[in-house]
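Just so we're clear, the structure is a prediction, and the values are computed from it rather than from any experiment. Throughout, protein chains are lettered first and strands after them, A, B, ... in sequence-line order, and every chain is numbered starting at 1. What you see below is based on every heavy atom in this structure, not just the backbone, and it leaves out hydrogens, waters and symmetry mates.
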Amino acid sequence: MTVLLPDESRLDVPDGATGRDVARAIGEGLARAALGIRVDGELRDLDAPVENGAKVEIVTAKSGDDALWLIRHDCAHVLATAVTELYPGVKVSIGPPVADGFYYDFDFPEGVKLSDADFERIEQRMREHIKVDEPFERSELPVAEALERFRAEGQDYKVELIEDLVRDQRVKTVSLYRNGPFTDLCRGPHAPTTGRIKAFKLTSVAGAYWRGDASRQMLTRVYGTAFLSKDDLAAHLERLEEARRRDHRKLGRELDLFMFSELSPGAPFWKPKGQQLWNELTDLWRAENADRGYSEVHTPILYDADLWKRSGHWHVYRENMYFTEVEGRTMGLKPMNCPAHTQIYSSERRSYRDLPIRYSEAGLVHRHEPSGTLHGLLRVRHITQDDAHIFCTEDQVPEEVQRCLDFGFAIYDVFGFEPRLELSTRPEKSVGSEEMWDRAEAALERALSDRGLDYELNPGDGAFYGPKIDLHMTDSIGRSWQLGTVQLDYYMPEQFELTYTGADNAEHRPVMIHRALMGSFERFIGILIEHYAGEFPLWLAPVQALVLPIADRHVDYADRVAGELRAAGLRVEVDDRAESVGRKIREGELAKAPYMLVVGDQEAEDGTVSVRRHRGGDLGALPIADFADRATTEASSRRQA
RNA sequence: GCCGACGUAGCUCAGCUGGUAGAGCACAUCUCUCGUAAAGAUGGGGUCCCCGGUUCGAGUCCGGGCGUCGGCUCCA
C-alpha cells in the first residue's frame, strides 16, 4: 500500500504497516526519534497501523505541540505509577496533558494529605521509572473484562468512566496502557517509552472536583510539566519566574499603588500613586466616550429590592448581592448598572429622533464573589466598570455594535493589545422568541462580517437575555484575558417597559446594548501593571520625573526645576533627602521612575538638568525647557511607539 | 463556596522536641554634603491574625473563626 508524506511524496509500505514501519522506511534514525504519528490529522501511537492512502506525519521531538502533548500525557501516567506505588490504596481518576503541562487527579486514602513537600519523593520514584525506559503497551479489552478488572482493584472512578463510555458511546471495548507496574484506562496515544520524557517537574497540588462537578468528590490534583529537553524546562521555569516578577500584587506594594485590608476583602485601597494611574485611565476613558457620542451619567449604588425583583437579579443573582435594611425597606447594592440606566431612560418620553441614546458611567458595582475566587485586582468584589448602555432601534443595532467594537479596538491599541473576538449565541435557558434571537444573532454576525472581522463561535454561551461578542486580548507575555463585552438585550427593555415613539406615532420597544471595554478599572489596571511589568509609559506613570539634588545646597535649584516642569504639566517629585546621589538613583530605578534629573553645581549654573532615563542610563545635560518639551511631547502621545 | 498550604516588626523572612521573640531592608536621631544602582553610627518598633481549649507555662500543641496564596467550581 501507499502512504502520503508531508512533503507530498508517496511511500510504498507493506500492507498492515504501522507508523514505526513507515518511519523505518524513511530512515532508521527517524524511527528511533519517532514519538508517535499523525494520520490524516489524528495523533496516534507510533505502533498504530496506518491505512492505505493515508497522510502520515512522523512526530518527533521537533514536532512542537504534538511531541509535548505525548510526553506530558506519558508523564501523567508515570506520575500515577509513582503515586500508586508510594500510596497504596490510592484511587486514580484522570490525567490529561494541559496547556503548560499535565495533571493527574487522585483520591487518596483517608488520612493521607499530599503537599508539595512530598514532590521530591514522588519525583525520585518517577525518575526511576523514566530511567529504566519502560515501554507503553496498549491493549484492547472487552468492556466486561475491563470493568471486572477495575472493580477488583477498587478503582471506582475508572469503573464510572467505563460505564459512561458504554452508555454514551456504546463502546464494546476499551483501551488500556501499561507502563511498568501501572495500567491505566486510557484512550492514548502515548510515546513508545517513558524514557522519552527528558525533563519534568511537579509544580503544585490542588483540589479539583471529580468531573468538574462541585457537588461531587473533591480529588487531589497534582500538576506537573514535562519537556523534551532540560533547556526547555529551564526556559519554562524562567517564564513562570517572569510572571511572578510581574505579579501586580507584588508590584502594587513595591510601587506603592494600592493595598488591601482584611477588613474589606476583595476591595482595593488606592494609594496616591495608584489613584494617579486610575485618574489617567479615567481621563482617557472620558475623552474617548465624549468623542464617540456617549453622555456620562452617575447613578446611585443602593436601590430598593423592588428594582432587583423587576430586573430579574433578585431571582437569579440574589446570593451574590449585598443587602441591607433601611427603615424597614430592603435595599440592595447594585451588581450591574443597567437597571439604573433604564431609570434615566424612562424618566422622559423618548422619540425615535433621540435614538441612539448612549449612557456611559464609571459604574461602581458590588458582587459577592466567593471568597476562594478573590485574586488581587483581577477578581474583586468592589468593581468599577467602564460601563455603557445604548438604547437604540432594532435597525441601529449593527452600526452601534460596530461602533462599540471600533471603540474597543481603539482602547486596546493604546496599550498594544491584540484583540480576539468571540460570538456567543443563544443558551438553553433564555428569554424571548426564536425569531428575536435569530434577528439578534444575525445583527451581531453582520456587525462582525461588515468589518471583515475574524471571530470564534461559542454556541450556547450567550447571556440569557441576548447574544454577545466578547473581546479577548493577549498581553506582553502571551497571556490571554477577556476584557470587553458587547451584549444585546431584549429582556431588560421589556421588564422596565421602555418605549420610544416611532415615526408612525406608535410606541416601540428599544433594544439595549450593554458594553464594557476595559471590563473594570480595577482589573484593567492589574493587567496593565503586569503587561508593563510596572514600567509604565510616560503618560501613565504616577511620577514622571524625579529631581535629584546632589547636595543640600542644590535643593533650591531642584525645587525651581520641579516648579517649571510642573508648570509644563508634568508630574515631578524632588528627592531632597540627605542621601548620596547613588542611593537616590538606585531607589528611583527601583521605583521605575521614567526620568531622573540630577542637578548639582554645574546644572544650577547652566540652567540645565542631567537626564537619566529609566533603563536608558545617562542621557547628558539638557536645558530645563528642552527637557520639558521632550517629556511633554512624549507624554502627550498615549499610543505606544 | 470546596480542597490544600500559609498567617511572626511597614516589607522579606528566621525562630529545634512548649520556657516570656530575632535578622536584613524600611523608619527616627546624629554625623557626612556626596556626580549616575545602597555613606556611617545610634535608636525606636511586636495583641507572634482573632477567639477558645490543653498546660505551671503556648508564637510553638488542639478546636473554631477570619484573611492570604495555589487550584477547582463560579463569573448572571
Side-chain angles (χ1 to χ4, degrees), chain A residues 98 103 105-108 112-118 203-223 244 247 249-250 253-254 256 259-266 311-321 335-336 338 367-376 378-381 383 427 429-430 461-466 468 482 485 487 489 491 514 519-520 523 548-555 577-591 596-603 610-621:
Chain A
V98 290
Y103 66 79
D105 284 348
F106 301 100
D107 185 3
F108 284 94
V112 177
K113 278 183 183 172
L114 201 73
S115 80
D116 49 14
D118 301 304
T203 51
S204 64
V205 57
Y209 298 109
W210 169 231
R211 306 198 124 177
D213 182 344
S215 69
R216 305 205 57 183
Q217 176 73 30
M218 176 67 78
L219 304 174
T220 303
R221 175 169 298 179
V222 179
Y223 280 94
R244 262 193 292 279
D247 191 313
R249 293 166 299 187
K250 177 171 163 280
R253 191 171 48 243
E254 290 173 358
D256 220 15
M259 52 169 264
F260 286 93
S261 158
E262 288 196 8
L263 299 175
S264 187
S311 70
H313 290 95
W314 178 270
H315 307 285
V316 200
Y317 203 64
R318 193 178 358 163
E319 291 305 306
N320 297 305
M321 287 178 62
M336 279 185 126
C338 27
R367 299 177 181 185
H368 181 218
E369 303 290 351
S371 54
T373 63
L374 300 179
H375 182 96
L378 302 183
R379 188 78 181 267
V380 289
R381 289 176 175 161
I383 306 163
K429 278 169 67 180
S430 60
D461 212 32
F464 71 93
Y465 47 74
K468 60 174 183 173
Q482 188 199 318
T485 182
Q487 309 184 348
D489 183 356
Y491 179 73
H514 306 242
S520 81
R523 200 168 107 98
L548 311 182
I550 286 173
D552 287 352
R553 66 176 179 280
H554 306 124
V555 170
R577 295 174 304 162
E579 290 290 350
S580 65
V581 194
R583 159 75 68 123
K584 292 177 183 178
I585 286 171
R586 176 182 157 77
E587 292 182 5
E589 287 289 341
L590 292 175
M596 277 179 271
L597 308 173
V598 179
V599 296
D601 291 332
Q602 198 60 55
E603 290 77 9
S610 279
V611 181
R612 184 189 162 98
R613 175 83 217 198
H614 177 57
R615 285 178 172 275
D618 195 346
L619 302 182

[N] and [M]: how far apart are their [atom1] atoms, nearest whole angstrom?
{"N": "B:A76", "M": "B:G4", "atom1": "P", "value": "29 Å"}
{"N": "B:U31", "M": "B:C66", "atom1": "C1'", "value": "47 Å"}
{"N": "B:G53", "M": "B:G59", "atom1": "P", "value": "15 Å"}
{"N": "B:C69", "M": "B:C30", "atom1": "C1'", "value": "43 Å"}
{"N": "B:A23", "M": "B:G45", "atom1": "C1'", "value": "14 Å"}
{"N": "B:G19", "M": "B:G57", "atom1": "C1'", "value": "7 Å"}
{"N": "B:C48", "M": "B:A5", "atom1": "P", "value": "24 Å"}
{"N": "B:C62", "M": "B:G1", "atom1": "P", "value": "23 Å"}

Requested in this report: Let me have a per-nucleotide readout for nucleotides 68-76 of chain B, 5' to 3', with B, S or -, counting only protein heavy atoms under 4.0 Å.
Outcome: SSBBBBBBB
Requested in this report: Measure up the A:F106 and A:F108 rings against each other and bin them: parallel (under 30°), tilted (30 to 60°), perpendicular (over 60°).
Outcome: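 Rings of A:F106 and A:F108: tilted, as their planes differ by 30° to 60°.
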Heavy atoms only, 4.0 Å cut-off, all strands: where does [X] land among base, sugar-phosphate and nothing?
{"X": "A:S610", "result": "base"}
{"X": "A:E254", "result": "nothing"}
{"X": "A:V598", "result": "base"}

Measure [atom1]/[X] against [atom2]/[N] and give the value in whole Å, please.
{"X": "A:R583", "N": "B:A37", "atom1": "CZ", "atom2": "P", "value": "14 Å"}
{"X": "A:R586", "N": "B:A37", "atom1": "CZ", "atom2": "P", "value": "11 Å"}
{"X": "A:D118", "N": "B:A5", "atom1": "CG", "atom2": "P", "value": "10 Å"}
{"X": "A:E262", "N": "B:G10", "atom1": "CD", "atom2": "C1'", "value": "15 Å"}
{"X": "A:W210", "N": "B:C3", "atom1": "CH2", "atom2": "C1'", "value": "17 Å"}
{"X": "A:L590", "N": "B:C11", "atom1": "CG", "atom2": "C1'", "value": "13 Å"}
{"X": "A:E579", "N": "B:C27", "atom1": "CD", "atom2": "P", "value": "8 Å"}
{"X": "A:M596", "N": "B:A38", "atom1": "CE", "atom2": "P", "value": "12 Å"}

Report task. State which of B:U36, B:U12, B:G35 makes the closest approach to the side chain of A:D601. Result ->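 Ranking B:U36, B:U12, B:G35 by closest atom to the A:D601 side chain puts B:G35 first.
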Query - Closest listed nucleotide, where the reference is the side chain of A:I550 and the choices are B:C11, B:U33, B:G35 - result: B:G35
Report task. For the pair A:R381 (side chain) and A:R367 (backbone), establish whether a donor and an acceptor sit closer than 3.5 Å, ignoring hydrogens and angles. Result ->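 No, the answer is negative, given that no donor and acceptor are paired below the 3.5 Å cut-off.
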Query raised in the report: Distance-only, no hydrogens or angles: does the A:E589 side chain make a donor-acceptor pair with backbone N or O of A:R586 under 3.5 Å?
Result: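 Not a single qualifying donor-acceptor pair exists.
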Query raised in the report: Under 4.0 Å between a Lys/Arg side-chain N and an Asp/Glu carboxylate O for A:R221 and A:D105?
Result: yes
Requested in this report: Could you pick out which residue, A:H554 or A:E587, lies toward the 5' side of RNA chain B when each is mapped onto its nearest nucleotide?
Outcome: A:E587
Report summary line: Result for 5'-nearest mapping on RNA chain B, choosing between A:R253 and A:Q602, is A:R253
Mind checking who [N] pairs with, Watson-Crick or G-U wobble, both distances under 3.5 Å?
{"N": "B:C48", "answer": "none"}
{"N": "B:G43", "answer": "B:C27"}
{"N": "B:C69", "answer": "B:G4"}
{"N": "B:G22", "answer": "B:C13"}

Query raised in the report: Under 4.0 Å between a side-chain N/O of A:R577 and OP1 or OP2 of B:U33, yes or no?
Result: no
**Report entry** Check: A:R553 side chain, B:U33 base, donor-acceptor under 3.5 Å
**Finding:** no
Query raised in the report: Quick one: does A:E603 reach the base of B:G35 with a side-chain donor-acceptor pair under 3.5 Å?
Result: yes
Requested in this report: Please name all residues satisfying salt bridge (charged side-chain N to carboxylate O under 4.0 Å, His left out) with A:D489, sequence neighbours left out, ordered by chain then number.
Outcome: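 A:D489: no salt bridge (charged side-chain N to carboxylate O under 4.0 Å, His left out) contacts found.
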Query raised in the report: Just by distance, with hydrogens left out, do A:Y209 and A:R211 show a side-chain donor and acceptor under 3.5 Å apart?
Result: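 Note: A:Y209 and A:R211 side chains miss the donor-acceptor criterion.
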**Report entry** Exercise: do A:E319 and A:H368 side chains pair donor with acceptor under 3.5 Å
**Finding:** no
Report summary line: On a heavy-atom basis, the closest approach of A:R523 and A:L378 is CD-O, 3.3 Å
Query raised in the report: Once you round to the nearest 0.5 Å, how far does NE2 of A:H514 lie from CE of A:M336?
Result: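 Interatomic distance, A:H514 NE2 to A:M336 CE, rounded to 0.5 Å: 6.0 Å.
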